[in-house]
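Order of the sequence lines sets the chain letters (A, B, ...), proteins ahead of strands, with each chain counted from 1.
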Amino acid sequence: MALLMALPIGLVFGAGIAVSGMANPAKVLNFFDVAGDWDPSLALVMGGALAVTFLGYRLVLRRPAPVFDLRFHLPQGREIDAPLVGGSALFGIGWGLSGFCPGGAIPAIGLIRPEPLVFTATMIAGIGMAKAVQGWVAARSVLSAGDRQGA
Amino acid sequence: MTEFTPVQSLLGGALIGLSAVLLMAFHGRIAGMTGILAGAFAPGAGRGWRLAFLAGAVAAPLLLMWPVGIKIDFASPVPLGLTALSGLLVGIGVSYGGGCTSGHGVCGMARLSARSIVATLSFMLATGLTVYATRHLLAGG
């Protein structure tokens with residue numbers, strides 16, 4: 001049942017991306033090219049999405065729990081740190097090179113073009129590399145904490 | 001050159017927002033593509049709904065183009081190698097940044113999360129600077 005619902009919710013997401021122009025890297029790049037062929041459309045994508053989500057979340061999060069889960073899973077982090085700012089900046093550099101962001105590229109796969117597939121493949125490789133490094137760093141800090149306790 | 005499309009972009013944006021609200025209402029989850037992708041490839045109980053969401057997201061443009069007959073513009077104006085490099089940078093960046101345009105830019109900003117507001121400012125600024133650098137400084141335009 002839960003799976004049956006996630007599919008149409010994904011369809012609505014993909015339709016929104018496709019209709020809005022977010023699946024078109026040329027349009028995305030032109031939004032950021034304020035000094036050149038500026039296309040302000042994406043400000044309206046962001047504005048429309050934010051307005052609906054802002055109001056909708058306020059209604060939904062008043063409920064005790066979601067339909068298919070015991071609780072709402074909301075990010076609890078509060079820290080504004082270097083990985084947040086630096087990681088986001090690296091994401092922005094990548095986004096500016098091609099015009100693809102994750103939410104734009106995945107629905108763009110449905111347009112049957114090579115570029116979204118290539119982008120998605122290397123993006124998943126990047127996520128895998130980052131997770132591997134993060135896991136290795138976390139394991140090392142646990143080990144070194146263990147060493148200090150042992151000594 | 002792409003045309004300003006205020007109606008389609010506002011409507012599409014509203015659909016993205018609707019999807020985020022529905023995912024929270026039914027699954028209690030943030031509609032962030034980074035988290036959904038990473039979770040879909042990690043072992044665990046939450047893979048099913050994530051894969052279903054991804055399947056829906058990929059199917060949507062196909063359905064819009066073929067049975068519905070809506071034209072969806074697509075143009076990738078940079079070499080394929082640059083797109084490949086960009087994917088790698090985006091994958092690493094969103095993993096450390098903890099989200100992308102959908103997770104931080106829409107869902108997090110709608111929750112007025114300070115982390116998401118800072119992340120969104122950071123990536124929007126970096127994207128703008130990168131586009132300026134590649135189109136106007138390096139290309140000599």
Max heavy-atom pair count under 4.5 Å with chain B, selected residue of [options]:
options: A/Gly14, A/Pro66, A/Ala23; result: A/Pro66
options: A/Ala82, A/Ala35, A/Gly21; result: A/Ala35
options: A/Ile93, A/Leu3, A/Asp37; result: A/Ile93
options: A/Gly77, A/Ala121, A/Ala43; result: A/Gly77
options: A/Phe54, A/Phe31, A/Tyr57; result: A/Tyr57
options: A/Gly86, A/Ala130, A/Ala26, A/Gly56; result: A/Ala26

Between [options], which has the largest tally of heavy atom pairs under 4.5 Å with chain A?
options: B/Val118, B/Leu125, B/Leu129; result: B/Val118
options: B/Cys107, B/Ala42, B/Ala55; result: B/Cys107
options: B/Ala60, B/Gly98, B/Gly103; result: B/Ala60
options: B/Gly32, B/Ser116, B/Pro77, B/Ala59; result: B/Pro77
options: B/Gly87, B/Gly97, B/Gly108, B/Gly12; result: B/Gly87
options: B/Ala38, B/Gly105, B/Ala31, B/Gly99; result: B/Gly105

Against chain B, label [X] side chain, backbone, both or neither, depending on which of its atoms sit under 4.5 Å from a heavy atom there.
X: A/Ala51; result: neither
X: A/Arg78; result: backbone
X: A/Ile124; result: side chain
X: A/Pro8; result: neither
X: A/Arg63; result: neither
X: A/Val19; result: both
X: A/Ile112; result: side chain
X: A/Leu61; result: side chain

At a 4.5 Å cut-off on heavy atoms, which part of [X] comes close to chain A: side chain, backbone, both, or neither?
X: B/Leu63; value: side chain
X: B/Phe4; value: both
X: B/Tyr132; value: side chain
X: B/Leu112; value: side chain
X: B/Leu18; value: both
X: B/Leu37; value: side chain
X: B/Met24; value: both
X: B/Thr120; value: side chain
X: B/Pro6; value: both
X: B/Ser102; value: side chain
X: B/Val78; value: side chain

Hey, what do you get for [atom1] ([X]) to [atom2] ([Y]), rounding to the nearest 0.5 Å?
X: A/Leu117; Y: B/Thr83; atom1: CG; atom2: OG1; result: 12.0 Å
X: B/Ser113; Y: A/Ile80; atom1: OG; atom2: CD1; result: 7.5 Å
X: A/Trp95; Y: B/Cys100; atom1: CH2; atom2: SG; result: 9.0 Å

| Do you know which of A/Asp81, A/Leu90, A/Val85, A/Val133 makes side-chain contact (heavy atoms from CB on, under 4.5 Å) with B/Tyr96? |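 Single side-chain contact (heavy atoms from CB on, under 4.5 Å) partner of B/Tyr96 among A/Asp81, A/Leu90, A/Val85, A/Val133: A/Val133.
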Closest non-hydrogen atom pair, [X] against [Y]:
X: B/Thr130; Y: A/Gly96; answer: CG2-C, 3.7 Å
X: A/Glu115; Y: B/Leu80; answer: CG-CD1, 3.6 Å
X: B/Val21; Y: A/Val52; answer: CG2-O, 3.6 Å
X: A/Ile106; Y: B/Val58; answer: O-CG2, 3.4 Å

| said: Checking side-chain polar atoms at under 3.5 Å, does B/Ser9 have a donor or acceptor matched by the opposite partner on A/Lys27? | reply: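 On atom types as modelled, these side chains do not qualify, holding no pair under 3.5 Å.
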| query | Do B/Ser122 and A/Ser88 have side-chain N/O donor and acceptor atoms under 3.5 Å apart? | reply |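 No, because no side-chain N or O of B/Ser122 sits under 3.5 Å from a partner of the opposite role on A/Ser88.
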| Going by the angle between their ring planes, with limits at 30° and 60°, are B/Phe26 and A/Phe68 parallel, tilted or perpendicular? |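 The arrangement is tilted - the two ring planes meet at 30° to 60°.
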| Side chain proximity check, A/Ser98 to B/Leu82, heavy atoms < 4.5 angstrom |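 No. Closest side-chain heavy atoms not under 4.5 Å.
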| Considering only heavy atoms from C-beta outward, does the side chain of B/His27 approach that of A/His73 to under 4.5 Å? |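 No; the side chains remain at least 4.5 Å from each other.
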| field | For A/Asp69, salt bridge (charged side-chain N to carboxylate O under 4.0 Å, His left out) partners two or more places apart | value |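 Result, salt bridge (charged side-chain N to carboxylate O under 4.0 Å, His left out) vs A/Asp69: none returned.
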